[in-house]
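Every value quoted in this text rests on a predicted model; they were computed, and no experiment measured them. Start at 1 and go down the list; that is how both ligands and their atoms are numbered.
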Amino acid sequence: MTVVVQKYGGSSVADADRIKNAARRVGKAKDAGNQVVVVVSAMGDTTDDLIALAQQVTERPRDRELDVLLSTGELVSSTLLSMALENLGYKAVSLTGAQAGIQTDSAYSRARILRVDASRIISELERDNIVIVAGFQGVTHDMDITTLGRGGSDTTAVALAASLGAEVCQIYSDVEGVYTADPRLVPEAMNLKEIGYEEMLELASYGAKVLHPRAVELGQLYGVTIVVASSFSNRAGTTICKEASMEVRNKVRGIAHDTNVAKITVVGVPDHPGIAAAIFEPLAKENVSVDTIVQNASINNITDLTFTVARTDLPRAMSLMEPLLKSIEAKQCITDSTLAKVSIVGTGMQNTPGYAARMFRTLHEAGINIQLITTSEIRITCIISEDKVKDAVGALHKAFELEKA
Ligand code: ADP
Ligand code: ASP
Ligand code: MG
């Protein structure tokens, strides 16, 4: 029997009617003769609401406690979906991440899956149950509950698809697949029929939140085909797989934007060996990902060092930086939380000159100042003011003719 893994995001289980809608879709996959495993996110904005609630109690909730709290959102939706399925006459069982065998490291709020012990899921499937797994969560070796990072239910789904040998992992959201840009920002954005893992990984890592980047990474690693589609329509959606068609390779495939950006500038640092290590090692140790790093040319052996982190990581990053300033003899740290990233992505840009120049000119013509630039082989990212994001994405979408994709 074929194993099908489906994942329903927060908007697809936002209320009782939507949960019943998801149940009918799950039922269809079961009726088609499949063994069905379903991963769910928390209902609607539950995760945001739980974070806000914790912050009403304390400014800095302890990571361990916060993860237990946040994991409860997915328990609510998984149990309700299981009940809705029973009500339609199907046998269903809900499992927490721990019961489903999702074993993680202990990096609370950003835990990584170390291993999946799928034995409980397999035995439930053998009993002809539809298995509903609470997404976004796992358990450490010491039985502490962890969460996988915002949007992490996608990663739960792909990890389960990989360990169960499912050929396809279907991700159901409120959009009909992956578009050339966020369709909420750019109404002309086009739905992509397919996209390769590599391009999708860059888009997801640079803000296209339709898929969690680590889900794409796992899909690529284990050869799981991921299909992104809407739970509100029957359109085919977007297939993320190894090889996208050759003809679409030689241009920009999509534009991502990310407003979860903060910039930290360490001002007046003595420019001698070991300074970069002294700054970035403590951040790495605390799992704070640093993105763009720019070091100014030094004058009289004094330099400024600028880097970006996720805005949500800024308090954590600053709590590490402040005590460090004295030991590295830096003058001060300046932060800016009003920035955003816009990125153009496409494997066709490799070894083809002109894309960066076109991007910079487009932003210039739209009156947008570029603060920092970073690139990979298949991506160019500009850091700009957050209030210019919509203009920037719209202008770039037009300049690279993505409405003709
Ligand atoms: P879910 O709750 O189902 O996981 P998310 O809100 O995490 O859904 O992701 C879906 C959202 O991703 C869409 O509503 C859309 O606004 C946003 N998005 C950003 N970039 C893209 C893109 N390139 N294609 C499609 N959706 C995108
Ligand atoms: N509920 C979690 C979040 O809002 C996980 C997810 O939706 O994938 O980030
Ligand atoms: Mg999501």
Side-chain angles (χ1 to χ4, degrees), residues 6-14 18 22 39-52 66-67 69-78 97 102 109-111 133-138 146-159 169-193 195 199-216 226 228-232 235 237-238 240 252-260 312 340-346 389-390 393 396-397 402 405:
Q6 298 189 331
K7 178 254 170 179
Y8 291 87
S11 49
S12 302
V13 292
R18 290 187 180 188
V39 173
V40 283
S41 290
M43 294 170 71
D45 296 328
T46 301
T47 309
D48 291 327
D49 297 343
L50 290 172
I51 293 172
L66 189 60
D67 271 16
L69 178 69
L70 297 193
S71 74
T72 63
E74 271 69 10
L75 302 189
V76 174
S77 47
S78 61
I102 311 279
S109 83
R110 60 197 75 202
V133 178
F136 173 58
Q137 57 185 271
T146 53
T147 63
L148 309 180
R150 297 306 304 271
S153 296
D154 298 337
T155 298
T156 306
V158 178
C169 181
Q170 299 162 347
I171 306 278
Y172 289 108
S173 186
D174 58 353
V175 278
E176 289 180 333
V178 180
Y179 285 69
T180 48
D182 186 342
R184 286 184 203 283
L185 219 63
V186 183
E188 306 78 39
M190 299 290 288
N191 189 290
L192 297 167
K193 200 163 157 266
I195 182 168
E199 288 177 324
M200 190 62 232
L201 183 58
E202 291 280 336
L203 286 173
S205 303
Y206 281 80
K209 72 167 185 160
V210 63
L211 266 184
H212 197 230
R214 276 158 47 206
V216 186
I226 303 171
V228 181
S230 166
S231 64
F232 306 109
R235 296 258 179 91
T238 303
I240 294 123
V252 175
R253 286 285 274 158
I255 299 170
H257 74 278
D258 186 359
T259 52
N260 184 16
T312 40
K341 285 180 213 162
V342 282
S343 307
I344 59 171
V345 171
V389 161
K390 192 173 185 326
V393 179
L396 292 168
H397 199 269
L402 290 180

Quiz item: Is the closest N or O pair between Ser41 and ligand 2 shorter than 3.5 Å?
Solution: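 Yes, at least one N or O pair falls under 3.5 Å.
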| ligand 2 and Thr47, any nitrogen or oxygen pair closer than 3.5 angstrom? |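 Between Thr47 and ligand 2 (N or O atoms, distance only) the closest approach is under 3.5 Å.
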Specify the closest pair of heavy atoms between Asp258 and Gly207, including all atoms of both residues, with the distance to one decimal.
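That closest heavy-atom pairing would be CB-CA, 3.9 Å.
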Checklist line | Location of contacts on His212 toward ligand 2, heavy atoms closer than 4.0 Å | finding: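 No part of His212 comes within reach of ligand 2.
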Does [X] have a non-hydrogen atom less than 4.0 Å from ligand 1?
{"X": "Gly207", "value": "no"}
{"X": "Pro183", "value": "yes"}
{"X": "Lys7", "value": "yes"}
{"X": "Ser41", "value": "no"}

- Task: Could you tell me the separation between the OG atom of Ser231 and the CD1 atom of Ile171, rounded to the nearest 0.5 Å?
- Result: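 Ser231 OG to Ile171 CD1: 12.0 Å, rounded to 0.5 Å.
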| field | Nearest-0.5 Å distance, CG of residue Asn260 to OG1 of residue Thr312 | value |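 Between atom CG of Asn260 and atom OG1 of Thr312 there are 3.5 Å.
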| query | Which atoms of ligand 1 sit under 4.0 Å from any heavy atom of Val178? | reply |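 Within the 4.0 Å cut-off of Val178, ligand 1 contributes 24 (N).
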### Task
Output the list of atoms in ligand 1 that are nearer than 4.0 Å to some heavy atom of Gly9, sorted by atom number.
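Per the distance check, 1 (P), 2 (O), 3 (O), 4 (O).
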Report, in ascending order of atom number, the atoms of ligand 2 lying under 4.0 Å from any heavy atom of [X].
{"X": "Glu74", "result": "1 (N), 2 (C), 5 (C)"}
{"X": "Arg150", "result": "3 (C), 4 (O), 9 (O)"}
{"X": "Gly151", "result": "3 (C), 5 (C), 6 (C), 8 (O), 9 (O)"}

Can you tell me the protein heavy atom closest to [atom] and the distance?
{"atom": "atom 2 (O) of ligand 1", "answer": "Gly10 N, 3.1 Å"}
{"atom": "atom 11 (C) of ligand 1", "answer": "Asp174 OD1, 4.0 Å"}
{"atom": "atom 25 (C) of ligand 1", "answer": "Gly177 O, 3.3 Å"}
{"atom": "atom 7 (O) of ligand 1", "answer": "Lys209 O, 3.4 Å"}
{"atom": "atom 10 (C) of ligand 1", "answer": "Ser173 OG, 3.4 Å"}
{"atom": "atom 23 (N) of ligand 1", "answer": "Tyr179 O, 3.0 Å"}
{"atom": "atom 12 (O) of ligand 1", "answer": "Val210 N, 3.5 Å"}

Report task. Would you indicate whether the side-chain heavy atoms of Leu70 and Phe136 approach each other to under 4.5 Å? Result ->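 SC-SC contact between Phe136 and Leu70 confirmed.
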Tell me which one of Ile171, Asp182, Asp154, Val175 gets a heavy atom nearest to atom 19 (C) of ligand 1.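 The option holding the nearest heavy atom is Asp182.
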For Asp67 and Thr147, which I'm curious about, is there any donor-acceptor pair between the side chains at under 3.5 Å?
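Yes.
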Checking side-chain polar atoms at under 3.5 Å, does His257 have a donor or acceptor matched by the opposite partner on Ser343?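 The criterion, which ignores hydrogens and geometry beyond distance, is not satisfied for Ser343 and His257.
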- Message: Taking only non-hydrogen atoms of Gly9, do any sit less than 4.0 angstrom from ligand 2?
- Response: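 In this structure, Gly9 fails to qualify as a contact of ligand 2 - no heavy atom is under 4.0 Å.
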Identify whether the distance between the nearest side-chain nitrogen and carboxylate oxygen of Lys209 and Asp154 falls below 4.0 Å.
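Salt bridge between Lys209 and Asp154, a charged N being under 4.0 Å from a carboxylate O: no.
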